[in-house]
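One structure is given below, encoded as structure tokens.
Since this is a predicted model, take the numbers as computed values, not measurements.
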Amino acid sequence: MERFQAPVSREELLERAQRLAGRDVAWVAERTGHFVPENLKRHKGWLGELVESVLGATAGSRAEPDFPDLGIELKTIPVDAGGKPRESTYVCVAPIDGSLAASWDDAWVRRKLSSVLWVPIVSDKETPLAQRCFGRPLLWSPNPTEEAALRADWEVLSEMIHSGSFWMIRAQHGEVLQLRPKAANARDWEWALDEDGEWAQTTPLGFYLRATFTRSVLARHYRLR
DNA sequence: GACTGATCATGG
DNA sequence: CCATGATCAGTC
């Protein structure tokens, strides 16, 4: 694999990402020396890792922004031909062992989302992975409305976790941010304090952004272009 | 078609 | 082991 140095500024990062626009996956994979899998079924994170590689992200799987010096998180996002996100976006784990932040200001979710480089990839079932094209990237920070919505959801969801009401946690909670299982499979579990203050086994959870939210984020970008 | 619970691979 | 990278796939 060719090694790509980390960008030294947000401008450089954005320029690099902009140079991907219009290129397809095969083109990027060739530059980085990656083999393109047939599909993503057994390689769900492959595309994200490919883009990390070509843009010089360094954090790997550590709990840090992808570009630690810039404080920027990288997210590839599958979009349809109209530029609309097709999937929800995983943000980070939701600690249920009591280590979840007490306030939104200290929440890892907030830090993760404070500055995100969205890299859209136009994908539909008919197009082979290698031929899927990159769209125009967006370096985004939540506007006050978006931040307020995220915060409101986080406060509701974190209250469920803090109170130990795991039985009531469902993906339906949250307008823009939701909690969903984040595990190898349904048999996975971890310890958490339940409503009675007893340690109990429950499903590992992650915070996700609803596709409706990222749709509005990207739509605002295209409109203001 | 959107939503939600389930799942797969990788690297430090 | 655990967080990262996410998409899959059945159901509503």
Side-chain angles (χ1 to χ4, degrees), chain A residues 1 3 17 25 28-29 32-68 72-82 84-101 107-109 111-113 116-129 132 134 153 157 160 166-192 201-216:
Chain A
M1 308 291 171
R3 298 176 67 85
V25 168
V28 176
T32 54
H34 283 78
F35 173 80
V36 184
E38 191 69 22
N39 57 58
L40 296 177
K41 280 187 187 181
R42 307 191 74 86
H43 304 274
K44 297 180 181 180
W46 181 84
L47 203 38
E49 287 147 16
L50 176 73
V51 178
E52 283 185 352
S53 166
V54 73
L55 294 183
T58 55
S61 64
R62 289 178 299 240
E64 282 183 30
D66 293 301
F67 301 95
I72 295 173
E73 179 70 16
L74 173 66
K75 288 288 179 195
T76 57
I77 185 163
V79 299
D80 65 17
K84 290 184 178 178
R86 302 169 59 89
E87 287 279 357
S88 57
T89 300
Y90 168 71
V91 181
C92 60
V93 293
I96 57 174
D97 62 354
S99 66
L100 180 66
W108 182 235
V109 182
R111 253 197 77 191
K112 273 273 175 131
L113 297 179
V116 178
L117 179 65
W118 297 102
V119 176
I121 291 133
V122 183
S123 45
D124 59 74
K125 264 180 26 176
E126 285 70 41
T127 310
L129 177 56
R132 295 180 185 172
F134 286 81
D153 284 345
L157 300 174
M160 290 181 198
F166 297 101
W167 56 271
M168 69 177 295
I169 291 178
R170 301 254 159 257
Q172 69 186 83
H173 297 297
E175 299 279 325
V176 301
L177 190 70
Q178 61 181 169
L179 284 170
R180 302 225 304 275
K182 175 61 173 171
N185 56 61
R187 269 69 64 192
D188 255 20
W189 55 267
E190 60 180 301
W191 294 107
Q201 294 176 356
T202 189
T203 309
L205 298 169
F207 285 107
Y208 293 78
L209 296 175
R210 291 184 181 277
T212 47
F213 179 73
T214 50
R215 279 205 272 269
S216 72

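- At the heavy-atom level, Glu190(A) lies nowhere under 4.0 Å from the strands shown.
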Checklist entry - How far apart are the C-alpha atoms of Phe67(A) and Leu74(A), what are their side-chain angles, what is the distance that settles it, and do they pass the side-chain contact (heavy atoms from CB on, under 4.5 Å) test? => result CA-CA 8 Å; Phe67(A) 301 95; Leu74(A) 173 66; 4.0 Å; yes
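- A distance of 14.0 Å separates NZ in Lys182(A) from OG1 in Thr203(A), rounded to the nearest 0.5 Å.
- Atom-to-atom, CG of Leu209(A) to P of dA2(B) comes out at 17 Å; the value is rounded to the nearest Å.
- Arg86(A) comes within 4.0 angstrom of nothing in the nucleic acid, heavy atoms only.
- Counting atom types as modelled, Tyr90(A) pairs no side-chain N or O with a base atom of dA3(C) as donor and acceptor under 3.5 Å.
- One can place CZ of Arg187(A) at 12 Å from C1' of dG5(B), the figure rounded to the nearest angstrom.
- Environment of CZ in Arg215(A): crowded, with over 12 heavy atoms of neighbouring residues, nucleotides or ligands closer than 6.0 Å.
- Here the P atom of nucleotide dT10(B) and the NZ atom of Lys41(A) are 17 Å apart, to the nearest Å.
- Contacts of Ala186(A) with the nucleic acid, taken as non-hydrogen atoms under 4.0 Å apart, involve only primed sugar atoms and P, OP1 or OP2.
- Proximity of Arg42(A) to the phosphate of dA9(B): a side-chain N or O atom is located under 4.0 Å from OP1 or OP2.
- Using a 4.0 Å heavy-atom cutoff across all strands shown, Thr76(A) reaches sugar-phosphate atoms only and no base atom.
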Next on the checklist: Run Asp66(A) and Leu117(A) through side-chain contact (heavy atoms from CB on, under 4.5 Å) and show every step you take.
Outcome noted: CA-CA 10 Å; Asp66(A) 293 301; Leu117(A) 179 65; over 6 Å; no
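- Each of Glu49(A) and Ala184(A) was assigned the nucleotide of DNA chain B with the nearest heavy atom; the assignment lying further toward the 5' end belongs to Ala184(A).
- Between the NZ atom of Lys44(A) and the P atom of dC8(B) there is a distance of 7 Å, given to the nearest Å.
- Atom C1' of nucleotide dG5(B) and atom CZ of Arg210(A) are separated by 13 Å, given to the nearest angstrom.
- In this structure, Ala211(A) reaches neither bases nor backbone, as no heavy-atom distance under 4.0 Å exists between it and the strands shown.
- Judged by distance alone, with hydrogens and angles left aside, Lys84(A) brings no side-chain donor or acceptor close enough to the base of dG1(B) to form a pair under 3.5 Å.
- Not a single donor-acceptor contact under 3.5 angstrom links the side-chain atoms of Arg62(A) to the base of dG12(B).
- Map Asn39(A) and Gly45(A) each onto its nearest nucleotide of DNA chain C; the residue landing nearer the 5' end is Gly45(A).
- Among the protein residues, Lys75(A) comes within range of the sugar-phosphate backbone only, with heavy atoms under 4.0 Å from sugar or phosphate atoms but none that close to a base.
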Item to check | Lys84(A)/Val79(A) under side-chain contact (heavy atoms from CB on, under 4.5 Å): CA gap, chis, key distance, verdict | outcome: CA-CA 5 Å; Lys84(A) 290 184 178 178; Val79(A) 299; 5.8 Å; no
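- Comparing Arg180(A) and Trp108(A), the nucleotide of DNA chain C nearest to each residue sits closer to the 5' end for Trp108(A).
- For the pair Lys125(A) NZ and dC8(C) C1', the interatomic distance rounds to 12 Å; values are reported in whole Å.
- When the side-chain nitrogen and oxygen atoms of Gln172(A) are compared with OP1 and OP2 of dC3(B), none of them lie within a distance under 4.0 Å.
- Using a 4.0 Å heavy-atom cutoff across all strands shown, Pro78(A) reaches sugar-phosphate atoms only and no base atom.
- Under 4.0 angstrom from either OP1 or OP2 of dT4(C) there lies at least one side-chain N or O belonging to Lys112(A).
- Atom-to-atom, CH2 of Trp189(A) to C1' of dC1(C) comes out at 13 Å; the value is rounded to the nearest Å.
- One atom, CG of Asp188(A), and another, P of dA6(B), lie 11 Å apart when rounded to the nearest Å.
- A donor-acceptor contact under 3.5 Å is formed by the side chain of Glu87(A) with the base of dC8(C).
- For Glu190(A), the CD atom counts as densely surrounded, since its 6.0 Å shell holds more than 12 non-hydrogen atoms of other residues, nucleotides or ligands.
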